[in-house]
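Below is one structure, written out as structure tokens; the observations come after it.
Owing to the predicted nature of the structure, the values given are computational and were not obtained by experimental measurement.
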Amino acid sequence: MKERYIPILTVIIAIAGFSFITFLYWTEPRTFSEVSSKGQVVLGTYDIDRTAFDEGLANFRRDEFPAARAAFDRADPQKRDAITQFYTAYSYYRQGWGRVSNDDAMFRAGVEAVDRVIAIEPNFRIADETLQMKTPYEVKAELEEGLKLTLSDFNPMRLTRERK
């Protein structure tokens with residue numbers, strides 16, 4: 001190897017090492033297996049487990065929301081897929097919704113999930129015709145409204161309202 005290539009090779013190795021260290025700090029993986037999955041997110045090659053997603057969607061449609069969320073978590077472990085996170089937020093809304101009162105813990109978890117959807121894809125719109133709310137902003141508004149205690153919460157006509 002010629003002597004003039006040694007400094008060039010040294011600079012290339014230093015840049016590669018710096019890039020790898022920057023990647024590790026940026027993605028904050030906790031285990032070696034997370035390095036590869038977080039790398040997929042950074043590179044844009046991240047994909048969900050379609051089988052687990054389909055299982056979660058089937059559970060969602062049967063109103064089995066805890067099972068649906070468990071399947072969605074398996075399908076999207078990095079929580080980087082807008083569709084999966086939208087269904088997760090919607091499942092928190094549906095499970096936490098009540099005619100008389102709402103489950104605040106479920107609604108808070110739903111707000112966290114819908115915030116992830118907005119962070120991933122701000123202009124997201126679901127194509128599922130079975131859902132009444134199509135955007136994360138609609139779901140977020142319902143969840144946040146359900147967390148508030150207002151005078152309308154004591155209206156007896158509230159018992160006739162329908163879940164979305």
Legend entry - Leu147 side chain near Val111 side chain, heavy-atom distance below 4.5 Å: yes
Inset, instruction - Determine yes or no for a side-chain-to-main-chain donor-acceptor pair under 3.5 angstrom, with Asp76 supplying the side chain and Asp81 the backbone. - result: yes
Inset, instruction - Keeping to residues at least two apart or across chains, list the ring pair (Phe, Tyr, Trp, His ring centres under 6.0 Å) pairs with something in residues 112-146. - result: Phe86-Phe124
Inset, instruction - Might you point out which heavy atoms bring Val114 and Pro136 nearest each other, and give the distance in Å? - result: CG2-O, 3.2 Å
Inset, instruction - Would you give the length of the straight line joining atom CD of Glu142 to atom CH2 of Trp97, rounded to the nearest 0.5 angstrom? - result: 10.0 Å
Inset, instruction - Return the minimal non-hydrogen interatomic distance between Ala68 and Gly56, and the atom names on each side. - result: CB-O, 3.3 Å
Inset, instruction - Could you pull out all residues at least two apart from Arg50 that satisfy salt bridge (charged side-chain N to carboxylate O under 4.0 Å, His left out)? - result: none
Inset, instruction - Please name all residues satisfying salt bridge (charged side-chain N to carboxylate O under 4.0 Å, His left out) with Arg125, sequence neighbours left out, ordered by chain then number. - result: none
Inset, instruction - List in chain and number order the residues that pass side chain to side chain donor-acceptor pair (under 3.5 Å) with Tyr90, two or more places apart in sequence or in another chain; answer none if no residue qualifies. - result: none
Legend entry - Pairwise distance OG1(Thr88) to CD1(Ile83) - rounded to 0.5 angstrom: 11.5 Å
Legend entry - Gln85 CD to Glu112 CD distance, which is reported to the nearest 0.5 Å: 11.0 Å
Inset, instruction - For Ile12, check side chain to side chain contact (heavy atoms under 4.5 Å, CB included) against everything at least two apart and list the hits. - result: Ile8
Legend entry - Pairwise distance CZ(Arg61) to CG(Leu131) - rounded to 0.5 angstrom: 7.0 Å
Legend entry - Nearest non-hydrogen partners of Ala52 and Ala71, listed with the distance: O-CB, 3.4 Å
Legend entry - ILVMFWY cluster, Ile118 and Met133 together (side-chain gap under 4.5 Å): no
Legend entry - With sequence neighbours excluded, residues passing side chain to side chain donor-acceptor pair (under 3.5 Å) with Thr130: Asp128
Inset, instruction - Would you please name every residue forming a salt bridge (charged side-chain N to carboxylate O under 4.0 Å, His left out) with Asp115, sequence neighbours left out? - result: Lys140
Legend entry - Partner set under side chain to side chain donor-acceptor pair (under 3.5 Å) for Arg108, not counting sequence neighbours: none
Legend entry - Spacing of OH belonging to Tyr92 relative to CZ belonging to Phe107, to within rounding of 0.5 Å: 13.0 Å
Inset, instruction - Taking side chain to side chain contact (heavy atoms under 4.5 Å, CB included) as the test, write out the residues that go with Pro66, two or more places apart. - result: Arg69, Gln95
Legend entry - Single-linkage hydrophobic cluster, 4.5 Å side-chain cutoff, Phe53 and Ile120 together: no
Inset, instruction - Please name all residues satisfying salt bridge (charged side-chain N to carboxylate O under 4.0 Å, His left out) with Asp73, sequence neighbours left out, ordered by chain then number. - result: Lys79
Legend entry - Set of residues satisfying side chain to side chain donor-acceptor pair (under 3.5 Å) with respect to Asn59, sequence neighbours excluded: Arg62
Inset, instruction - Would you check if Ile126 and Glu138 make a side-chain contact, meaning some heavy-atom pair closer than 4.5 Å? - result: no
